[in-house]
Student: 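What follows is a structure written as structure tokens; I'll ask about it next.
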Amino acid sequence: MNKEKVPDRTVSLETAEPDMASSSSIGYLGYAEYFHNKELQQLESDVQYREKYQKEKGVSHPTLFQGLTIYVNGRTDPTRFELHKLIILHGGTFKHYLSGKTAVTHIIASELNASKKSSFANYKIVGPGWITESIARGKLLPWQDFRIVNVSVLQGKITDFATIRNCMDPNFIHSYFKSSRLHHLSNWKFQLRDQFVQDLLSSRGEISPNQKYVFFHVDFDCFFAQVSAKIDGTYDIHTVPIAISHGINNSDISSCNYVARSFGVHNGMWVSSALKLCPALKILDYEFDEYEAISNLFYQALKSVGIFKMVLPLSIDEAIGCMPVTSDTTQELLTQKCIQVRAAVFDLTQGYSVSIGCASSVLLARLALRKGKPNGFSISWFSTPLERRAFVDQFKLKDLPGIGYSTDQKIQETFGEIHSISALRGLLESPNNVSKLIKAIGSKNAKRLQTYLDGQDDDESISMVKDPASYFQKKSLSVEINYAIRFKTIDDVDTFLERLSLYLWEKLKDSNLLTRQITLKLMKRAQGAPVDPPKFMGMGKCDAISKASTLGSNTQKYGSIASECKTLFRILSVPPAEVRGIGLQFHRLTAATQASGQKLEQRRITTDIFKKANRSDDEVVRRVDEDTTPRTPKSTTYASPVKNYWDRHLKRSVTPFRYDFPDELDPEFMSNLPKDVQEEITSHHSVAKRAKRTLRTELFEEPKKQIKQTQDLHYIHDGRLVPQLSFQGLSSAKQICRTLIDWVDATIDVGPHEKDLELFVNHLNKLADQRRSHIILQLIKTLKNKIDDHYDGNSEGLEQWEYFLIRRLIPVLNKTKSDVNFNLVFDL
DNA sequence: AGATCATAGAAG
DNA sequence: CATCGCTTCTATGATCT
Ligand SMILES: Nc1ccn([C@H]2C[C@H](O)[C@@H](COP(=O)(O)OP(=O)(O)OP(=O)(O)O)O2)c(=O)n1
């Protein structure tokens with residue numbers, strides 16, 4: 001699933017640092033040279049280094065440390081220098097930084113310090129003797145024999161943590177998501193669904209809608225806890241209370257084992273509360289790669305049993321196998337099948353336990369699963385409604401899907417301390433209580449609950465089974481980060497929004513979709529909430545605010561999306577420093593078709609879209625003109641002048657065709673404002689004005705002409721710029737520069753095509769992520785010089801080029817500047 | 001009255 | 001040192017047309 005593209009680093013070594021490659025004619029790379037580019041080339045170069053060394057010295061070393069990733073901390077004897085060499089020569093991976101605890105399998109340290117934090121007991125920390133002794137004996141000795149307790153890992157400064165702490169780091173989103181369990185959970189789920197839909201379509205799916213099934217709801221027991229405990233290998237999961245989390249205090253427990261649960265610990269609880277209930281609780285690290293690998297085997301095992309017509313993916317560790325009902329479907333047969341399924345998973349995953357709930361409806365299967373857990377199964381195969389109700393009655397309201405904390409509370413507020421399903425069933429015999437319930441939890445919710453009381457599936461579950469392809473089809477796209485978000489200025493916000501837009505735009509593009517509606521969602525520090533919340537870098541108590549914007553046409557343009565987001569942020573008028581979370585959503589997606597080239601069309605044309613698309617240009621213009629008449633301001637006594645201004649001019653601006661701010665700022669209005677406020681408005685105005693312009697011009701562009709341009713730049717346009725750059729050796733940077741020059745020359749009259757801009761900015765961002773700022777600088781300089789050459793004319797294209805340079809390229813350059821310092825710190 | 005919105009809630 | 005609080009879908013009441 002982890003399909004990250006890894007550029008060919010062997011080649012890019014020479015591209016990026018030509019001097020270094022040519023000067024190293026002294027046999028295998030010297031250590032200092034090796035280090036020079038360590039961050040980029042490390043993995044490949046370790047192998048390279050070993051091969052070259054062994055070839056030239058005519059020796060070979062046993063690969064004792066194969067599969068291990070080792071970090072050396074602080075001063076050691078032998079030196080870090082020597083240890084690095086020994087580790088890579090013997091097949092190990094050497095890590096220069098502790099980037100996230102999970103990546104490193106072992107830490108080597110010599111000096112013993114008084115340990116302040118027991119949490120580091122979770123590391124495998126060993127003395128250097130482990131390396132030297134293992135090599136001397138020619139075999140990998142057990143690390144436990146060289147274990148060092150009471151060592152302070154952070155004796156030296158480990159600066160890599162800085163990325164996650166500073167949301168303005170160009171790598172922040174990527175680096176944060178790498179450790180976010182919720183991101184992984186959601187991402188995995190999407191990928192599983194996507195895979196399911198693809199498989200179904202390619203198998204010319206004959207899912208008969210009226211087929212009756214037995215449902216096998218299969219779920220790992222405390223998934224993360226089980227896997228991490230096995231990887232760690234220190235504790236017995238059946239006797240020691242274990243929980244998985246990143247931290248040791250106000251950190252979420254994602255999963256805890258059943259021993260811990262017997263103390264009252266549960267998933268989602270903070271470690272601090274859990275430790276109060278269970279002081280002996282052991283905290284283990286996440287092992288995301290392993291979760292993914294085990295999950296793959298799990299799904300493979302379910303399919304291999306061969307009794308399921310479909311395996312519906314619910315999540316990384318949870319699926320529903322659908323077995324067609326036949327005349328010989330009996331309790332005995334189902335028992336046998338449950339045992340068989342559990343065995344299949346156990347064998348293929350080499351020892352992981354799942355539990356199964358088996359029943360005639362999705363709901364009953366889920367409840368049965370609850371009964372079967374842990375490490376077991378339960379079958380609910382009933383013939384009468386009465387039996388079904390009796391079975392349902394033994395559960396609590398919260399056990400029902402769709403009844404969460406809030407609904408449960410509302411029911412209790414309405415009927416008193418009611419927890420069990422049976423109690424509610426009794427109450428609902430009175431119609432009066434039914435209407436009370438509807439009032440409390442809503443009509444749909446109440447109706448579903450009543451369906452569940454009979455052990456029946458609700459409409460949603462039924463549609464999942466009957467038409468899985470459309471049920472699992474994605475209908476919206478979003479990204480959201482509510483951790484470590486701390487902005488100082490509006491420029492920070494703009495930069496971040498550009499990165500978020502880019503992130504989501506890439507997903508949109510990958511799925512070959514267009515969006516019609518963009519929503520910006522903010523978490524704003526709640527009134528009275530502390531500036532520094534209890535959780536380190538957390539969001540604390542917040543108000544959620546969102547604002548949607550319906551675009552005039554379906555789009556896939558990064559530029560339009562990014563500027564729309566900036567506009568939306570200004571409409572919400574939250575001070576940057578109060579923002580604790582930020583998210584972006586695309587709604588009303590339609591499929592993009594390839595057929596007509598760059599001019600993207602929607603496959604479905606609803607009557608609504610049809611009408612809008614056919615509105616004449618005149619009408620559009622008139623509407624814009626009409627709406628520019630200023631509205632009388634509302635009496636917003638406490639609003640700032642800026643907010644007041646935007647309230648008047650943007651409040652009701654839903655579609656870009658109805659943006660009703662003036663094209664020029666009213667001088668009288670401006671002159672009455674303090675200077676800093678004037679500046680703020682001017683800055684907001686230019687962004688908003690730009691947003692309006694790009695969206696409006698989108699409709700009027702001439703697609704054919706633009707396509708031609710992009711074809712001239714085909715190698716930029718195929719979306720593979722980064723690898724190609726690296727592959728093309730020394731000449732490539734020059735080649736790119738020449739192409740840039742041609743690009744400017746060819747488009748100076750009409751302006752650059754948005755698609756190409758996106759790709760170019762995207763490429764620069766990738767360079768920035770790799771911290772190759774000198775290349776970025778060179779490219780931007782070339783572009784700027786060329787644009788300056790054309791400064792005689794006063795064309796529309798020139799203006800667009802300048803805008804592009806200032807608003808989008810210079811920011812990329814600026815953000816890399818801070819990285820230079822980073823590199824220096826690392827390269828010590 | 002029907003469309004569109006902002007928001008809340010649930011799930012893993 | 002801390003810590004990695006996402007993403008998707010549904011329902012509902014308010015507001016807009
Ligand atoms: N609030 C939560 C709930 C779950 N998870 C993750 C960790 C779990 O291991 C995994 C699966 O969730 P389950 O609800 O299936 O819980 P477990 O598998 O941990 O326990 P069990 O299914 O045995 O109750 O999702 C999480 O990160 N945060």
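Just so it is clear: chains get the letters A, B, ... in the order the sequence lines come, proteins before strands, and each one is counted from 1.
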Student: When the distance from CE of A:Met523 to P of C:dT7 is rounded to whole Å, what number comes out?
Tutor: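 Rounded to whole Å, this separation is 14 Å.
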Student: Check this one for me: any side-chain N or O of A:Ser478 less than 4.0 Å away from OP1 or OP2 of C:dT8?
Tutor: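 Yes, A:Ser478 has a side-chain N/O under 4.0 Å of OP1/OP2 on C:dT8.
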Student: With the side chain of A:Ser476 defined as its heavy atoms from C-beta on, choose the nearest nucleotide among C:dT7, C:dT3, C:dT8.
Tutor: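 Looking only at side-chain atoms, A:Ser476 lies closest to C:dT8.
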Student: Output yes when at least one side-chain N/O atom of A:Lys521 is less than 4.0 Å from OP1 or OP2 of C:dT7, else no.
Tutor: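 So the side chain of A:Lys521 is outside the cut-off, no N or O lying under 4.0 Å from OP1 or OP2 of C:dT7.
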Student: Quick check on C:dT7: is either OP1 or OP2 less than 4.0 Å from any side-chain nitrogen or oxygen of A:His183?
Tutor: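 For C:dT7, OP1 or OP2 has a side-chain N or O of A:His183 closer than 4.0 Å.
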Student: Counting only non-hydrogen atoms, which of residues 465-475 of chain A are less than 4.0 Å from DNA chain B?
Tutor: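 Going residue by residue through residues 465-475 of chain A, none turns out to have a heavy atom under 4.0 Å of DNA chain B.
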Student: Figure out the CG/C1' separation between A:Asp194 and C:dT7, and round it to whole Å.
Tutor: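 Those two atoms, CG and C1', are 15 Å apart.
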Student: Could you state the atom-to-atom distance from NE2 of A:His587 to P of C:dT10 in whole Å?
Tutor: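 To the nearest whole Å, that distance equals 12 Å.
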Student: Of the nucleotides C:dC6, B:dC5, C:dC9, which one has an atom closest to the side chain of A:Gln517?
Tutor: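 In terms of side-chain proximity for A:Gln517, the closest of C:dC6, B:dC5, C:dC9 is B:dC5.
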Student: Just to be sure I understand the rule, does A:Asn187 reach a base, reach only the sugar-phosphate, or reach nothing, if contact means heavy atoms closer than 4.0 Å?
Tutor: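 No contact.
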Student: For residues 401-411 of chain A, dump all side-chain donor-acceptor pairs below 3.5 Å to protein atoms at least two apart in sequence or in another chain.
Tutor:
| unit_1 | atom_1 | unit_2 | atom_2 | d |
| --- | --- | --- | --- | --- |
| A:Asp408 | OD2 | A:Gln412 | NE2 | 3.1 |

Student: What's the CG-C1' distance between A:Leu504 and C:dT8, to the nearest Å?
Tutor: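 Checked: the CG to C1' distance equals 13 Å.
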Student: Flag yes if more than 12 heavy atoms outside A:Asp459 fall under 6.0 Å of its CG atom; otherwise flag no.
Tutor: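 Not buried by this count: 12 neighbours or fewer within 6.0 Å.
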Student: Please figure out whether A:Asp252 or A:Ile441 has its closest DNA chain C nucleotide nearer the 5' end.
Tutor: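 It is A:Asp252, whose closest nucleotide lies nearer the 5' terminus.
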Student: Between A:Gln517 and A:Thr550, is any side-chain donor less than 3.5 angstrom from a side-chain acceptor?
Tutor: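 A:Gln517 vs A:Thr550: donor-acceptor pair found between side chains.
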Student: For A:Tyr286 and A:Ser245, which I'm curious about, is there any donor-acceptor pair between the side chains at under 3.5 Å?
Tutor: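 No, no side-chain donor-acceptor contact under 3.5 Å.
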Student: Does C:dT3 have OP1 or OP2 sitting under 4.0 Å from an N or O in the side chain of A:Ser245?
Tutor: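 Checking C:dT3 against A:Ser245, no side-chain N or O comes under 4.0 Å of OP1 or OP2.
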Student: Is the A:Phe196-A:Tyr471 ring centre distance short of 6.0 angstrom?
Tutor: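 Not close enough - the centres of the two rings lie 6.0 Å or further apart.
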Student: Can you measure A:Phe224 atom CZ to C:dC6 atom C1' for me and round it to whole angstrom units?
Tutor: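 In whole Å, C:dC6 C1' lies 12 Å from A:Phe224 CZ.
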Student: Within the supplied structure, the quantity of interest is the number of heavy atoms (other residues, nucleotides, ligands) at a distance under 6.0 Å from A:Arg370 CZ; does it exceed 12?
Tutor: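 For A:Arg370, atom CZ is not crowded (no more than 12 foreign heavy atoms under 6.0 Å).
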Student: Heavy atoms under 4.0 Å is the rule here; annotate nucleotides 6-12 of chain B 5' to 3' with B where the base is hit, S where only the sugar-phosphate is, and - elsewhere.
Tutor: SS-SSSB
Student: When the distance from CZ of A:Phe177 to C1' of C:dT3 is rounded to whole Å, what number comes out?
Tutor: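 One finds 15 Å between C1' of C:dT3 and CZ of A:Phe177, rounded.
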Student: Would you call A:Asp252 and A:Arg181 a salt bridge, taking side-chain N to carboxylate O under 4.0 Å as the test?
Tutor: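 Here A:Asp252 pairs with A:Arg181 in a salt bridge, since their nearest N and O are under 4.0 Å apart.
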Student: Does A:Gly581 reach a base, just sugar-phosphate, or nothing at all? Heavy atoms under 4.0 Å.
Tutor: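 If one applies the 4.0 Å heavy-atom cut-off, A:Gly581 turns out to touch nothing in the nucleic acid.
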Student: For C:dG5 versus B:dG9, give the span between their C1' atoms, rounded off to a whole number of Å.
Tutor: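 Looking at atom C1' only, C:dG5 and B:dG9 are 16 Å apart.
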Student: Figure out the CE/C1' separation between A:Met464 and C:dT8, and round it to whole Å.
Tutor: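 Distance check: A:Met464 CE to C:dT8 C1' gives 15 Å.
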Student: Under 4.0 Å between a Lys/Arg side-chain N and an Asp/Glu carboxylate O for A:Lys474 and A:Asp194?
Tutor: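 Salt bridge absent between A:Lys474 and A:Asp194.
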Student: For A:Leu477 and for A:Gly442, find the nucleotide of DNA chain C with the closest heavy atom, then tell me which residue's nucleotide is more 5'.
Tutor: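 On the 5' side of the pair lies A:Leu477.
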Student: Picking from C:dT12, C:dT3, C:dT7, which would you name as closest to the side chain of A:Val479?
Tutor: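 It is C:dT7.
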Student: Is any side-chain N or O of A:Ser180 closer than 4.0 Å to OP1 or OP2 of C:dG5?
Tutor: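 Yes, A:Ser180 has a side-chain N/O under 4.0 Å of OP1/OP2 on C:dG5.
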Student: Taking only the side-chain nitrogens and oxygens of A:Asn250, find out if one of them lies under 4.0 Å from OP1 or OP2 of C:dA2.
Tutor: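 The answer is no; no side-chain N or O of A:Asn250 sits under 4.0 Å from OP1 or OP2.
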Student: Should A:Glu578 and A:Arg525 count as an ion pair when the cut-off is N to O under 4.0 Å?
Tutor: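 Looking at A:Glu578 and A:Arg525, the cut-off is met.
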Student: For A:Phe536 and C:dA2, say yes or no: do the ring centres fall under 5.5 Å of each other while the ring planes differ by less than 30°?
Tutor: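 Yes; centroid distance and tilt both under limits.
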Student: Just call it for A:Ser254: base, sugar-phosphate, or nothing, with non-hydrogen atoms closer than 4.0 Å on any strand.
Tutor: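 The residue A:Ser254 makes no contact with any strand.
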Student: Taking atom C1' of C:dG5 as reference, at what distance in whole Å does atom NE2 of A:His184 sit?
Tutor: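 Taking NE2 of A:His184 and C1' of C:dG5, I get 15 Å after rounding.
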Student: Donor-acceptor pair, distance only, cut-off 3.5 Å: does the side chain of A:Ser361 make one with the backbone of A:Gln456?
Tutor: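 The answer is no, because no donor-acceptor pair under 3.5 Å joins these two groups.
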Student: Look only at the side chain of A:Lys507 and the backbone of A:Leu502, and say whether a donor-acceptor pair between them is shorter than 3.5 Å.
Tutor: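 Absent.
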